[in-house]
Every structure is written in C-alpha cells, then in structure tokens.
There are 2 protein chains.
Amino acid sequence: MAKQGTRATTIDDIAKKANVSKATVSKVINGYSGINEKTRQAVLKVMREYNYWPNTTARSLSMQQSYLVGLFMASELNNSFFREVIPGIEKTLGAQGYDILYFADKRPGNTGVSFGYLEKCRDRRVDGAIFLSYIRDELAEFEPILASDIPTVFVDMTLEGPLTSYVISDNYKSAKLAVEYLHSLGHRKIGYADGGTKSVPAEKRYQGLMDTVRDLGMECRPEWIFQYSFDEEYGYDVVNKLQQLDEWPTAVVAQDNVAIGMIRALREIGKSVPDDLSIVGFDDIEISSHYNLTTVRQQKYEMGVAASKLLMKIILNHKASKPKLMDTELIIRGSCKPIT
Amino acid sequence: MAKQGTRATTIDDIAKKANVSKATVSKVINGYSGINEKTRQAVLKVMREYNYWPNTTARSLSMQQSYLVGLFMASELNNSFFREVIPGIEKTLGAQGYDILYFADKRPGNTGVSFGYLEKCRDRRVDGAIFLSYIRDELAEFEPILASDIPTVFVDMTLEGPLTSYVISDNYKSAKLAVEYLHSLGHRKIGYADGGTKSVPAEKRYQGLMDTVRDLGMECRPEWIFQYSFDEEYGYDVVNKLQQLDEWPTAVVAQDNVAIGMIRALREIGKSVPDDLSIVGFDDIEISSHYNLTTVRQQKYEMGVAASKLLMKIILNHKASKPKLMDTELIIRGSCKPIT
DNA sequence: TCAATCTCGGAAACCGGTTTCGATGTCTTG
DNA sequence: CAAGACATCGAAACCGGTTTCCGAGATTGA
C-alpha cells in the first residue's frame, strides 16, 4: 500500500501530538467535563491543525448509534407524494446532524434473500427508521421491527397496535371537505375513484365520503364507486366504465392521479371538465395545478417535518410518541362547476 | 439495560454455537477458501438458525470500506431530472450491496459550518460519491474531493481537469436534433430559451443550436435568444419579452420546464402551440407528455445506471474511468406544426 | 500537619468484525 | 516408515473510536 500519506488522521495521532491519551482526546471531542481547560484547548488546537474529524464508523460501532436514519418507501422515488415529503424529512433531520439512508425498495442482499427492514436497520445501526406509504398487504413485514427497540415512525399509513407512531393526514376530513364543496355547488350525485381499501388513507376517505354523502342527503350509487388503484391508467379505466352507464354522477371525487387520468380520458372522448363532469381531487400533487384541478391538499412537506420531529422524540425517550394527524385544505381551481 | 434479549447475535455467538472460532465464521461469511465443506455447512446452518447477519458497521471499520455511496445533488429532490436518475442509481448500486447516503443539499454540521463534500465523505467513510447537476459556480468546492482518493462520478455536469469521470447526455446533439427536425418541418426562424451558460449542458445545447442553425442556413436573431433559467416562471418571462418584438420566430427550442411555462403563458394570452408557435423541448421530463410537448429525451434512468457502473469500476481500479456520453432521442408529440 | 475530598488524566476493556500467520493433523511420496 | 506437502483451523492483532474505573496530585478543612 503506497498511499500512506493519504491515510486519515486518527484519534491516536492526535493523542500522540497533543501528548495525552486517546481517552482524553475522546472526552474533548464529546465535550465531556473533567478535562482541564488548558489541555482541552491544546487538544483542540492539534485537532484543528491536523484537520481531524473522528471516524463515524468507529464511533457508531462503540456507541451503538450511528446518527443515521433509514428512510424506506413502498415504491420508487418517482412518486409524487414522496418527492414532497422527503425534503421535509431531509431538512429536519439534517439540521440535527442525522444523515439519511435511502431505501426505495426491498433489495436482495448478498445471499439473494430479501432484507427484512429490521435486518437492514440493525445492519447499519440506524438510530431510527421512517416508513412511507406502505399498504396493508405489507404490514406483516413490520412486526419484527416493531417488536424491536428501533424507533420507528410511519407516514401516510397506520398500523394497528398500541405502540406505533405515525403521521397521517386527516383523510376523513379531506373527503368531507370535497363532498361539502360539491354540495355547496349544487351537486347531488357523487362518484368516487381512489385506491383500494388496502390503503389506510383511501379507506378513511371512503368512509368520509360515504358519511358526508349520507349526512347531506346526496346520492352515491354503487356503480359510481371505483376503488382499485392510484395511477393515471386507472382514471382511463374509470371513464371507460362510466361510459357504459345510463346515468353519470355530476361530480366525481378522486385521488389526483386518477383524476388527471380521467380528465385526459374525457378530453379524448370529447368531453370536458368541468362542463360535462366536475372533479375534486385528493393530495394536490405537483401536476394537479397543470390540470387546473380543484383538490384537497395534503401538507406533504410538513408531514416530513412532523415525522422527523416525532422520530427524534422517540429516539430520546425510547418510547412511542403520540400519532400526529395533519390538517388538509381545499384548493379551489377550475375543475368544478355549479349545477344550475 | 433490560432488553438484553433483543441484542443482535454477533459473530462470537455463531462461533460458539458452531464450535469454531470467529475467524472461521468470518471466512465462511466471506466465502474464502481453506474451509472444509463440512464445517462450512455447519456454520451456515447455525447462521441461518440464528438469523445472523454480520454487522456492517464493524465490517466497515475493519475492512476500511463501507459499502456506502454518497449521493449529492445541487438542489432539492423536487427536481424532475433527479427523480428519474436516482432510481437508476439506487437499483444498480443496491444490486451490488451498496446503500445510498442521501444529501439533497449542503447542510450545516454540528459546528454550524457547512460541510465540505470531502469531509462528509470521509466522515461516513463512503466508498464513492456521485454528484448530480451542479453548475459552474460551485465547481471550486469540488477541488478537495477531486484531490482526494475518493472515487467520484459526476452526472449531468463536467469539470475541467484530466481525472474526472462523468456521465452526461450528448447535449450538442440534442440541440442539433431539435433544430434539424424544425428545419424538416419548414421552419427557418428559430428561437431559444434555456438555462444560462453556467450550466454545462445548457452551454452545449446553445453551441449545438447555433452551429446547426448556421449550417442549415436558418435564422436565429439575438433577440430570440433567452438564456437564464430552467423553470416555468422563466417561460412566462420569455413570452412576455417575445410580445414586445415586432417579429417572432416560428419555432422555439427550450428546456422542458421553460417550454411548459411558455405553453401556459401563450394559452393565457390566447395563443396556441403549435398553431401560433412551434416548440421543441429538452429533457422529456415527466409532465412533458401532459403538455403534448415534442422534446429531445435524455435517458435519465440509464444515466443513473451508467454513473453507478462507472463508480463501481473506479472503486475497483482506483483510477478515473472514461467519461460516458449518453445518446439522446427526439420524441415527437404535438407541439410542432409544419410551415406551409 | 494530616486526612479527606476533588480534579484531572490514563490504562484497559470493549464494540463486532477481518486478516495474518503459525499449529496441527492428514496425505503423499520415496 | 520418515519426511515433506497440503488442508484446515484458531489465537491474536487490528480497525478507530468510547467508557469505566482507578490512581496521582492538588486542594480543602480541622
């Protein structure tokens, strides 16, 4: 090995140069008391002089903590929800000195076997983990990590059980807001298109929708209800199915991606939103404004911030913290028309 | 400390249970030769039985490598380019057992001072680093890490100097494709709106555009050239400035975000793309298809893959590898009209 | 002045792995 | 049957930090 010169300076080097033991240097690094101010300054001076920075790997090993947080998400980055939540997480945790380990999906390990979340977390000695938007199907996989002592926060999902911490939007209210708005415009026949009930948020929205429709004396026929998926394609499917019906609802409440798919599909068959159908979306994803879609916004960035704060609290207290319900807000654009 | 039971199993535990030394277990883990098949199987059995996974932190410390790659990007995640590049990186590096440390921007460290990239990399002992889309202004900050022995790959940017490895699209060709296409439609008066020359890709595109315009005998007046920024707002600005001109170009070549801003701005003043103006974009970002924008696509996912492969090669060889120029491709949609 | 206390710093164990090198036992070969 | 070659395994050092605990000096109080 030639490149001896580039070897990073270690705590031993500093100790030697400063004529103290590495224990002393360590105490200076960590700001412990019991070190004479004079020697502290001397050590600090040598550290600066050699541009010394302690090896985080070694430190993680002995301290059993890493200042690392695992960020797991159900699908890939290329999801409009994640894009906005993650910056909130990154900013907040970063400000506290945490770095983020980024896992967009379950990957095979060296053995070819998929990592469990717990293994991955233990493996890297993360101080905590944040999970984004997993659905019910996958819940069983969280049992090991929940049974462990690794601080964990869920975002946009909930798990049954007393000890989970999560951040989630008030999806019930979102649906209520959407329906009430449509009601105020005179709509009485409401359709619904959203993800299936495997998704906790979609399920809550469904409940909110049905309850509000009932309370306001509106109509929502079973054939106007579409619960399957969150993507644009599904919006096309929904429009296809609608076409086979004798009577349409006058308005549809749909997750934004689905709503946009519907708008496109309707355009292609010569129908217009809002003239032929009013639509209210859920989420307010980035492209929604491009479609002039009226939608109920989730505070995505703020959810990232809230999740991070929650996680840090758990890391400190070592017990699950209160879940946080985020408020939602109706963003009125141009995809709804009053019924005259 | 109560929770003794949850302590992860260590290599010592396995060694004890299998009646061998930890050296032997280590050799089995790493697949070294010199271990009898029978004992190997015995050790593997115990490992499986205890669901053992070696501690990466400890391993990093002694092997002097971390299986960690730092991913740095100039702005926030919420950038359409990153969204597509990152999955390519994640998949490729993940398949090789690397995890990704995610840095969306420069954050203050414990001391309140901004981390340099080199410090951050040394700190976490990353095996390599990937930088996305930084501009000329920031280049000086890369000197320390380039002078170090940390393998580094740049994406969508280049640095002067003989030893840098990078992956970048053939932006010159992109502009050429765009202009040639417009020429084939009969256009002779071409406008241009893109980022400023601080961005290497934008600069190359400008060159490609000007060269091709000249070679084909087309016209591109100075007042039709807008070089400032990559966002939608700027598209509005461009349209504003165009309105003050006596004569417009018949077609504009613009980065996708700018192009979309222009399309929206034109709509708002009652003009249509492509009827009143043809537009060809650069990049093919996600929403481009929503605007039916004809554009020159960058292979973003593939760039992520290429960058990862390049990086792994450098990690192995410990010397800079050949830069990789990615091909681009014209995606014809509906934002251009023939000139009759 | 002497004991008790306090301050400060260091030796050594530890975190959980990897790697070197020597010891032991087995197998060939002459 | 003795000697050399080979296969297999383990003891111990090492990676670069943290932390416990103890001892030496300095300080204080009676």
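Comparing atom distances between the Ile29(B) side chain and each of dG10(D), dT18(C), dT18(D) picks out dT18(C) as nearest. Nearest nucleotide to the side chain of Ser21(A), out of dT19(C), dA11(C), dG17(D): dA11(C). Side-chain atoms of Ser62(B) lie closest to dG16(C) of the nucleotides dG17(D), dC9(D), dG16(C). Of the candidates dT18(C), dT20(C), dA12(C), the closest approach to any side-chain atom of Lys27(B) belongs to dT20(C).
Among the heavy atoms of the strands, none lies under 4.0 Å from Ser60(A). Within 4.0 Å (heavy atoms only), Val20(A) reaches sugar-phosphate atoms of the nucleic acid but no base atom. Among the protein residues, Arg125(A) comes within range of the sugar-phosphate backbone only, with heavy atoms under 4.0 Å from sugar or phosphate atoms but none that close to a base. Nucleic acid contact class of Thr39(A) (heavy atoms, under 4.0 Å, all strands): sugar-phosphate only.
As a whole-Å value, the separation of Ile35(A) CD1 from dC6(C) C1' is 15 Å. A straight line from CG of Asn36(A) to C1' of dA24(D) spans 15 Å, rounded to a whole angstrom. Regarding Met63(B), its CE atom lies at a distance of 6 Å from the P atom of dT19(C), rounded to whole Å. Across the protein-nucleic acid pair, Ile14(B) atom CD1 and dG17(C) atom P stand 9 Å apart, rounded to whole Å. Atom CG of Asn55(B) and atom C1' of dC15(D) are 13 Å apart (whole Å). To the nearest angstrom, C1' of dA13(D) lies 14 Å from CG of Leu61(B). Per the geometry, CZ belonging to Arg122(B) stands 17 Å off C1' belonging to dG17(D), to the nearest Å. Taking atom CZ on Arg59(A) and atom C1' on dG16(C), their separation rounds to 18 Å, with Å as the unit.
Listed pair Asn30(B) / dT18(C) meets the phosphate criterion, a side-chain N or O lying under 4.0 Å from OP1 or OP2.
If you check distances only, the side chain of Lys22(B) does reach the base of dG17(C) with a donor-acceptor pair under 3.5 Å.
Take the nearest nucleotide of DNA chain D for Ala23(A) and for Ala23(B): the residue whose nucleotide is more 5' is Ala23(B).
The two atoms that bring Asp13(B) and Thr9(B) nearest to each other are OD2-CA, 3.3 Å, heavy atoms only.
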With a cut-off of 3.5 Å and sequence neighbours excluded, list every side-chain donor-acceptor pair involving residues 19-26 of chain B.
residue, atom, partner, partner atom, Å
Ser21(B), OG, Ala23(B), N, 3.3
Ser21(B), OG, Thr24(B), N, 3.3
Ser21(B), OG, Thr24(B), OG1, 3.3

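End-to-end axis angle of the helix from dT1(C)-dA30(D) to dG30(C)-dC1(D), from C1' rotation axes over five pairs per end: 50° (rounded to 10 degrees).
In this pair, Tyr67(B) and Tyr98(B) present their aromatic rings tilted. The plane angle is within the 30 to 60° band.
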